[in-house]
K.L.:
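Could you have a look at this structure, given as structure tokens, before my questions?
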Amino acid sequence: MAETFATIGKSVAHDSAARHVSGEALYIDDMAVPEGTLHAYCVPSPKAHARIVSVDLSAVRAAPGVHAAISAADVPGRNDVGPIYKGEPFLAEGIVEYIGQPVVAIAATSIKAARAAAKLAKIVYEDLPAILTIEDALEKQAFVAKSYVMQHGDAPAALERAPHRLKGTFRNGAQDHFYLEGQIALAVPQEVGEMTVWSSTQHPTEVQKMVARALGRPANAVTCEIRRMGGGFGGKETQPAIIACIAAVLADKAGRAVKYRLDRDDDFMITGKRHDFLVRYEVGFDGEGRLLALDIEFAARAGHVADLSTSIVDRALFHTTNCYYVPHVRATGHACKTHTQSNTAFRGFGGPQGVLAAEHVIDRVAHAVGRDPLAVRKLNFFGPAPRDLTHYGQRVEDFVADRIVAELAGDVGYEARRRETDAFNAANPILKKGLALSPVMFGVSFTALQFNQAGALVHVYTDGSILLNHAGTEMGQGLHTKICQVVADEFAVPLESVRIAATNTSKVPNTSATAASAGSDLNGKAAQRAAQAIKARIAGFLAGQYRIGEHEVRFEAGHVIAGDARLSFREAVQLAYNGRIQLSATGFYRTPKIHFDRASAKGRPYYYFAYGAAYVETTIDTLTGEYSVDRAELLHDAGRSLNPAIDIGQIEGGFVQGMGWLTTEEIWFDATGRLRTHAPSTYKIPVARDLPRQFRTRLWEGGMNREESTHRSKAVGEPPLMLATAVFLALQDAARAAAPKALLDAPATPERVLMAIEAAK
Ligand code: MTE
Ligand code: HPA
Ligand code: MOS
């Protein structure tokens, strides 16, 4: 039988897997740099909030090895990297607003020389009062943008009528992205004011745009390129513009290439993290635990500027009922201004904070009515109309969380495990076990309509090899591999025939961030269309040559069948070239069906939803608060998976990253606003030994996208992070076994578990 080369749905290895392991995969810091490349370092603000009275850089400029030293006044264009709102400087201007903020940037012959010179900067500050907590910001009504309300029905009135009501306050902590490769940019000046920037960015177009703006030049003078990142996780959606602009302005001043690479501590001190939230709610329900009304207020720590905070708070509001139908909802969101790092996108983009709050509320309701939380979850699932309506007006047409939850509960023997856990807890005064099974429902699409587009550029060369460019970036998630699969499948050639090119703004322009998990949805379609355009041209040409219909030309198993003729792909391409057929094409895609009106907070913001469920068991030691995650069983819907191996990797990785957020990772500021957890010595991400002892991840067999996504697959980058909610809920369950009134905030560090139990005893 002829080889088919079919790769869709096959677990082919990540295109760089071997090179990741051998160290041959090139990251920006590995690149050969031009002769005379300088290294950048920034003088950080020592104060959370102060006026800059004066800046004297004469000693810095005279220091050995220094080629350029700049402050805000030296920026030739605009000192602004605000992605949505104006006025977000990459070098402090007039005031400093967080400890660590870059005030002065220096380029020198070595990083050592730049650091030594930084000590010579004479900067005089005048202290201003700082806002350091969400509570303080709420009290002072200090917000980075207008607060926002999403409403459906009449929550206050429905609360009045509800037979039962509960009020509460809940907190979740921030999280550092801890990508293995820190932020980095290499800016290389070219002729006539052109600048090429290699940036570790999820959003090359934004870097291009911001660098052009900073230099006061048009976008066509700046090119941004990125082959791969060593992780992004949302932390490289907007933040790389800060790094790239500093490198580019220095390079422009010095007339030399400049590399700006943050070490781990500087990365922690300068860049934003996941938003910590303070959530206040009141929920109304009936005696069985059926949700009747929810009035919920989310206050997020935005930091000193808005960045993407409003969109992130919006996504928390969208996800505030997770999988559940609530007839009356009022959800209010605040992006609180604090004099700390500007918090930013992080895997889930506010969704995790919304889902976590929803599950905390459901968990409390279940306990109030004395039922198992899983029963109350099931009772509240979205269902047939009218129970299919979200509080933002989108009907849930593809609901499968009920089926996934039922399947997982059956697999793990939920009821029996509950009885065994209760028996264990009754017999053990010190160790307490807890379990939880919780679902996830995540809306896929950017809620800002314009970002839901992508382009691709495909070249076929006369030897039959194919070069693929598309708008997406690779950060380890396997996007390039998936898009290569799509293109190889379209041409029916072996995967090895398709080579991915670095993402480059001069190849595919005006790109969106690779974010919102939409990378393979958007770029898969764009690349597929580019390939289809070339195929159609080849088919048209061969049809003419062989005097047959175009539909009689087929691309099959590395060949092109044209009527009775059977040509190798390479022969067909060569013939088409000789016939002067264009073998290069662009492809473009925009997501259909979506719309959202922010003023009325109604629409169909999401093309579809991704679903999953997790079952988790934990044991806590009530004397110390220490705990273990004994078992995790994940069942996730990736639609018709493009690549099951990569998708399972995304699910496992997302879950563990979410587990870190909810358990050991704690961002902590001292009373002056200085971040004290800025290195692995004080900030604990999960490592191999923290993995659940029993850990199983499966793709849901029923997975199928009812929308026409790329080969009916579903986005898988972010949704699984929220599966970790079950870890938090299982710890909450175990804490209750020790003290029925114990309530946890996130992260549930061992200290916090111990304190919650002690406080409730
Ligand atoms: N996986 C790896 N290995 N590294 C990453 O940085 N980022 C996540 C997710 N998975 C990330 C990752 C985030 S925040 C998003 S939005 C998606 O990947 C982006 O890629 P996709 O749209 O191609 O899924
Ligand atoms: N997700 C991730 N990044 C984004 C989004 C989103 O919904 N909107 C703007 N940037
Ligand atoms: Mo992901 S937070 O959308 O980059």
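Note that ligands are numbered from 1 as they come in the structure, with each ligand's atoms numbered from 1 the same way. What's counted below: heavy atoms across the whole structure, side chains too, no hydrogens, waters or symmetry copies.
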K.L.:
Report, as yes or no, whether the 6.0 Å neighbourhood of atom CZ on Arg19 holds more than 12 heavy atoms from other residues, nucleotides or ligands.
P.N.:
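Counting neighbours around CZ of Arg19, more than 12 heavy atoms of other residues, nucleotides or ligands fall under 6.0 Å, so yes.
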K.L.:
Does the Lys NZ or Arg CZ of Lys602 fall within the cation-pi geometry relative to Phe596 - under 6.0 Å from the ring centre and within 45° of the axis?
P.N.:
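Here Lys602 fails the 6.0 Å and 45° test against Phe596.
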K.L.:
Is Thr390 reaching over with its side chain to a backbone N or O of Gln394, donor-acceptor style, under 3.5 angstrom?
P.N.:
yes
K.L.:
Arg315 heavy atoms, cut-off 4.0 Å: which ligand 2 atoms fall inside?
P.N.:
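Answer, ordered by atom number: 7 (O).
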K.L.:
For ligand 3, which atoms sit closer than 4.0 Å to a heavy atom of Phe346?
P.N.:
2 (S)
K.L.:
Using a strict 4.0 Å cut-off to heavy atoms of Gln202, name the atoms of ligand 3 that fall inside it.
P.N.:
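Here the atoms of ligand 3 in question are 4 (O).
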K.L.:
Under 30°, 30 to 60°, or over 60°: which ring-plane class applies to Tyr606 and Phe609, parallel, tilted or perpendicular?
P.N.:
perpendicular
K.L.:
How far is atom 3 (O) of ligand 3 from the closest protein heavy atom, and which atom is that?
P.N.:
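Heavy-atom neighbour on the protein nearest atom 3 (O) of ligand 3: Ala516 N, 2.6 Å.
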K.L.:
Applying side-chain hydrogen bond (donor to acceptor under 3.5 Å, both in side chains), can you list everything that pairs with Glu633, at least two apart in sequence or on another chain?
P.N.:
Arg631, Arg696
K.L.:
Using the ring centroid of each side chain, check whether Phe268 and Tyr683 are separated by less than 6.0 Å.
P.N.:
yes
K.L.:
I'd like to check which ligand 3 atoms, numbered from 1 as shown, lie under 4.0 Å from a non-hydrogen atom of Glu718.
P.N.:
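By the 4.0 Å cutoff, the relevant atoms are 1 (Mo), 2 (S), 3 (O).
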K.L.:
Checking a contact table here: which protein heavy atom is nearest atom 2 (S) of ligand 3, and how many Å away?
P.N.:
Arg347 N, 3.1 Å
K.L.:
What pairs meet the ring-ring contact (aromatic ring centres under 6.0 Å, His included) rule with one or both residues in residues 644-664, with sequence neighbours excluded?
P.N.:
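Every ring-ring contact (aromatic ring centres under 6.0 Å, His included) pair that includes a residue of residues 644-664, provided the two are not neighbours, is Phe655-Phe695.
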K.L.:
May I ask you to list the atoms of ligand 2 that are less than 4.0 angstrom from any heavy atom of Ala515?
P.N.:
2 (C), 3 (N)
K.L.:
Report, in ascending order of atom number, the atoms of ligand 3 lying under 4.0 Å from any heavy atom of Gly234.
P.N.:
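With Gly234 as reference, the close atoms of ligand 3 come out as 2 (S), 4 (O).
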K.L.:
Ignoring hydrogens and angles, state whether a donor on the side chain of Arg274 or Gln175 is under 3.5 Å from an acceptor on the partner side chain.
P.N.:
yes
K.L.:
Do any nitrogen or oxygen atoms of Glu718 lie less than 3.5 angstrom from nitrogen or oxygen atoms of ligand 2?
P.N.:
no
K.L.:
In the protein, which heavy atom is nearest to atom 2 (C) of ligand 2, and how far is it?
P.N.:
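Residue, atom and distance for the closest contact: Phe349 CD1, 3.4 Å.
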K.L.:
Can you confirm whether more than 12 heavy atoms, excluding those of Glu701, are under 6.0 Å from its CD atom?
P.N.:
no
K.L.:
Short N or O contacts of ligand 1 with protein, under 3.5 Å, listed by atom name?
P.N.:
residue	atom	partner	partner atom	Å
ligand 1	1 (N)	Gln650	NE2	3.1
ligand 1	4 (N)	Met475	O	2.9
ligand 1	6 (O)	Gly232	N	2.7
ligand 1	6 (O)	Phe233	N	2.9
ligand 1	10 (N)	Arg347	NH2	3.2
ligand 1	10 (N)	Gln650	OE1	2.7
ligand 1	20 (O)	Gln477	NE2	3.1
ligand 1	22 (O)	Ser517	O	3.4
ligand 1	22 (O)	Ala518	N	3.3
ligand 1	22 (O)	Gly519	N	2.7
ligand 1	23 (O)	Gln477	NE2	3.1

K.L.:
Assess Arg301 against Phe277: is NZ or CZ under 6.0 Å from the centre of the six-membered ring, and within 45 degrees of the ring's axis?
P.N.:
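No.
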K.L.:
Against the six-membered ring of Phe446, is Arg315 placed for a cation-pi contact (under 6.0 Å from the centre, within 45° of the normal)?
P.N.:
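Output no; distance or angle outside limits.
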K.L.:
Once you restrict to heavy atoms under 4.0 Å, what part of Ala516 touches ligand 2? Side chain, backbone, both or neither.
P.N.:
both
K.L.:
Number the atoms of ligand 3 from 1 as they appear, then name those within less than 4.0 Å of a heavy atom of Ala515, with their elements.
P.N.:
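Taking each heavy atom of Ala515 in turn, ligand 3 has 3 (O), 4 (O) under 4.0 Å.
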K.L.:
Return the closest protein heavy atom for atom 10 (N) of ligand 2 as residue, atom name and distance.
P.N.:
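Sorting protein heavy atoms by distance from atom 10 (N) of ligand 2 puts Glu237 OE2, 2.6 Å first.
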K.L.:
Residues in side-chain hydrogen bond (donor to acceptor under 3.5 Å, both in side chains) with Ser311, at least two apart?
P.N.:
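Ser311: no side-chain hydrogen bond (donor to acceptor under 3.5 Å, both in side chains) contacts found.
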